[in-house]
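Following: one structure in structure tokens, then a few remarks.
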Amino acid sequence: QAQLVESGGGSVQAGDSLRLSCAASLSPFSDYAMGWFRRAPGKEREFVAGISRYSSNTDYADFVKGRFTISKDYNNRILYLEMSDLKPEDTAVYYCAGERAASTRTVVTSTNYHYWGQGTQVTVSS
């Protein structure tokens with residue numbers, strides 16, 4: 001059974017940085033498109049960032065461009081989300097997702113992901 005386990009969330013001040021990690025049992029990791037989504041209280045789950053198989057392409061939601069960076073560590077099968085200049089509106093539960101991909105396109109739609117983690121809370125105070 002494939003598993004995704006997020007870590008790295010926490011409570012920070014506005015302007016701080018955090019790095020989220022997602023340990024994946026997906027193999028081979030290079031065959032999977034991966035993504036980060038988030039759900040804020042009272043809101044729908046939304047796409048944050050995506051990375052294609054072989055890390056050929058990345059995609060970001062407009063509200064995180066220039067602040068967040070998605071990357072993969074193939075040796076350790078870890079997906080990262082480096083977050084900087086955090087804002088109170090970034091407060092949410094962050095989820096990683098994975099899907100075996102046939103192309104090098106990023107996957108930005110949550111329904112196209114088969115594997116999900118349990119989420120990690122990020123709270124940003126002003």
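Values reported hereafter were calculated over all heavy atoms of this structure, with side chains retained and with hydrogens, waters and symmetry mates removed.
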> Using 30° and 60° as the class limits, which term best fits the ring planes of W116 and Y95: parallel, tilted or perpendicular?
Replying inline: perpendicular

Which distance, rounded to the nearest 0.5 Å, do you find between the [atom1] of [X] and the [atom2] of [Y]?
X   : Y   : atom1 : atom2 : result
S52 : N57 : OG    : CG    : 4.5 Å
L81 : W36 : CG    : CH2   : 6.0 Å
L4  : C22 : CG    : SG    : 4.5 Å

Pairwise salt bridge (Lys or Arg N to Asp or Glu O under 4.0 Å) hits with a residue in [range], at least two apart:
range          : result
residues 84-93 : R38-D90, R67-D90, D85-K87
residues 2-18  : none
residues 24-37 : D31-R53, D31-R100
residues 71-81 : none

> Among all residues two or more places apart in sequence or in another chain, which pass the ring-ring contact (aromatic ring centres under 6.0 Å, His included) test with Y54?
Replying inline: none

> Taking only residues two or more places apart in sequence or in another chain, which ones pass ring-ring contact (aromatic ring centres under 6.0 Å, His included) with F47?
Replying inline: F37

>> Taking side chain to side chain donor-acceptor pair (under 3.5 Å) as the cut-off, I'd like each qualifying pair that reaches into residues 17-27, sequence neighbours left out, listed once.
In response: none

Pairing residues for [X] by the side chain to side chain contact (heavy atoms under 4.5 Å, CB included) criterion, not counting sequence neighbours:
X   : value
K65 : Y60, D62
A23 : none
T91 : Q121, T123, V124

> Are side-chain heavy atoms of M83 and V122 found at a separation under 4.5 Å?
Replying inline: yes

> Within the distance-only criterion (no hydrogens, no angle test), does the side chain of Y115 pair as donor or acceptor with the backbone N or O of C96 below 3.5 angstrom?
Replying inline: no

>> Treating T109 as the side-chain partner and T111 as the backbone partner, does any N or O pair qualify as donor plus acceptor under 3.5 Å?
In response: no

> Got more than 12 heavy atoms from elsewhere within 6.0 Å of CD, Q3?
Replying inline: no

> What residues form a side-chain hydrogen bond (donor to acceptor under 3.5 Å, both in side chains) with S110, not counting sequence neighbours?
Replying inline: none

> Is I70 reachable from F63 through a run of hydrophobic residues whose side-chain heavy atoms are each under 4.5 Å from the next?
Replying inline: yes

> For the hydrophobic clusters of this structure (ILVMFWY residues joined by side-chain heavy atoms under 4.5 Å, transitively), does one cluster hold both I51 and V107?
Replying inline: no

>> Could you list the cluster mates of I78? Members are the ILVMFWY residues connected by side-chain heavy atoms closer than 4.5 Å, either directly or through other members.
In response: Y80

